[in-house]
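A short write-up of the structure that comes next.
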Amino acid sequence: MSQTRVLGILAHVDAGKTTLSEQILFQSHTIRQAGRVDHQDSFLDDNPLEKRRGITIFSGQAPFVWKESPWYLVDTPGHADFTAEMERCLGVLDAAVLVVSCVEGVQGHTETIWQLLRKNQIPTFFFLNKTDRAGADPERVMRQIEKRFQTTVCLSQGEITSAMMELAAERDDALLERYFAGAVDESEWNTLLPPLMKEGVFCPAVAGAALSGTGVEPLLTLVHQLTPEPGGLDAPFSARIYQIRRDTQGNRVAFLRVTGGQLKTKDWVGEDKINELRRYSGNRFQTIQQVQAGDLCGATGLSSASAGESIGEVTHAPGKRMEPMLSAAVHFDEKKCPNKTMLSYFRILEDEEPALGVQWVEALQEIQVRVMGVIQLEVLQEMVRERFSQEVTFWECRVLYRETISNTVIGRGHFEPLRHYAEVKLRLEPGEPGSGVVFASECHTDELALNWQRLIETHVYEKEHKGVLTGSPITDLTITLLAGRAHEKHTEGGDFREATYRAIRQGLMKADSVLLEPWYAFTAVVPTELTGRLLSDIQQMGGEFEIPETLSETSVISGRAPVEKMAGYQRELISYTRGTGSLSLRFSGYEPCGQAEKVLASIGYEAERDTENPAGSVFCSHGAGFFVPWQEADGYMHLE
């Protein structure tokens, strides 16, 4: 029997993604009737929140069969505020269909999805939707896709045509030479095209209308031909967890894709025992006894694994994921719900959505969450009300800043209370933009054993280290282990944790720190006569833009601007264009903050007073430990 393949459906919100998913399930005879988002009866958007809002918030899955082969369909959120949920699903896909409206064309979040698909190297098909609508222009949209995504798109009616072969061959020199020499057999194209699609240099496309089902059969036929089976049947067990949910009885269900081997009920995975395996179709499921490489399933009993993680013999690096750019404080009536209880509720939500980054800020006595936007906050508010019967509001969103350094420094940390010992010497230097925190070692194993070096690396990565300007997380920083020292009898694992944390903190105190703020990449569409107004506003924000592209009576402007300035601009744009304009935003990295002094003054962070992140070290004398401030600690260190 064929292995199960997984197909993801992705799109900018309102492009018709869920409607296409419904038609795929209908035309494959999985459901009796294709539901509609506006009728609140779609099979996969079954959550009350999704029905009320008319958008996908949680990824949904359902099995289907096409050409006698088993498939799983994954319908992902299309709104930018729920990008984290969508991104976690990418790790379990064999292929993806990116839906683009032939009326609106490529929108801001479409570009974000494309970038994520390329980062994950997922073979991509385009479904050019809404060809039945007034103003639809598939040819224009194809040209737009090719220009913005630097790829070749070829329309198909479900078969591999000679035009498709020729266009694909043009993207690979060796293949082109074989093609014109007549040395490529037609039967080879099923295996020749997928690598090009994985690289993103060639993408088949089908034009149609999801609402009526036009184009769905050719799309499925093409996907079936050009998506290889995943393999991994003979490998050790491994799996990727892409979603955590609670069922109606409150059981924690981990949704996973088996990437290698087999998994059975009652198997042990680490310290967790699989209680039950479930085959889900929408919100319904049936229990099964075993799954194999390729299968999607829900599993109960995995108490420690988190969404986005891998389990089993073979681990898959999660990679750098998109992070929220805004934070908000949770406001609620403490008389009705104590802080500790409310925090436990948000910990449950964080278990399901790790990007929330729930924090209890002791100094402010408040709960803070990280979000992508206002819509996500509104959804969180409704979730707390429906699931925990509590009312919460959120104070105004604040931008999540980051910090880095502009020079190279040495940081030292020493931890030696009585019967403990560890010392670490690190070099901190600026990293490439977008690189995050990177660890390296130049310490010889003759000086410090490899197990201690690996422990230091773990401590570098395990914590979100705070900068010294605003207490914001550090990023774009390379931390290199130069030297370390342990004691034969007295060193324990926790000693190197303390020494590593203090070495990083001391280095940051010495360094020239730089405050970074998040930027949006934007695409705005406005009536041509309002182009000047938009460009003027972007300049006042301190943003930048490309030469406007004129299409009929509208102008399309792409550019970048600080999140703090751009975050609330959508309402203003809709107001002055009287609803005819649109603005799409996506995260575009961090840049040095243009108003650093103002931000520092408003936050008022004092690094020396942050007792939870000490920069000084602890030494031992006459049988007692004593603290040495960071400015003086180098003179006490044991390593040269």
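No hydrogens or angles considered: nothing links the side chains of Glu276 and Thr287 as a donor-acceptor pair under 3.5 Å. Ser306 and Asp351 are not linked by any side-chain donor-acceptor pair at a separation below 3.5 angstrom, with hydrogens and angles left out of the test. Side-chain atoms of Thr4 and Asp295 include a donor-acceptor pair closer than 3.5 Å. In the model, Tyr501 has a side-chain atom that pairs as donor or acceptor with a side-chain atom of Glu462 under 3.5 Å. Asn251 and Thr300 share no donor-acceptor pair across their side chains, judged by distance under 3.5 Å alone. Tyr242 and Glu87 are not linked by any side-chain donor-acceptor pair at a separation below 3.5 angstrom, with hydrogens and angles left out of the test. At a cut-off of 3.5 Å, with distance as the only test, no side-chain donor of Thr76 or Ser59 sits close to an acceptor on the other residue. A side-chain donor-acceptor contact under 3.5 Å links Thr124 and Arg118. Between the side chains of Thr470 and Glu403, a donor-acceptor pair is found at a separation under 3.5 Å. Ser472 and Lys466 are not linked by any side-chain donor-acceptor pair at a separation below 3.5 angstrom, with hydrogens and angles left out of the test. No donor-acceptor contact under 3.5 angstrom links the side chains of Gln3 and Gln292, judged on distance only.
With a 6.0 Å radius and a threshold of 12 heavy atoms from other residues, nucleotides or ligands, Lys198 has its NZ atom at or below the threshold. The number of heavy-atom neighbours closer than 6.0 Å to CD of Gln289, taken from other residues, nucleotides and ligands shown, is 12 or below.
Taking the ring axis of Trp452 as reference, the NZ or CZ atom of Arg454 does not stay both within 45° of it and closer than 6.0 Å to the ring centre.
Taking the six-membered ring where the residue is Trp, the centroids of Phe587 and Tyr520 are separated by 6.0 Å or more.
In terms of heavy atoms, Glu309 sits closest to Ser304 at OE1-O, 4.4 Å. Closest approach of Asn339 and Ile367 over heavy atoms only: O-CD1, 4.2 Å. Heavy-atom minimum distance, Leu277 versus Leu263: CD1-O, 3.6 Å.
Put simply, the side chain of Asp495 gets close to the backbone of Tyr421: a donor and an acceptor are under 3.5 Å apart.
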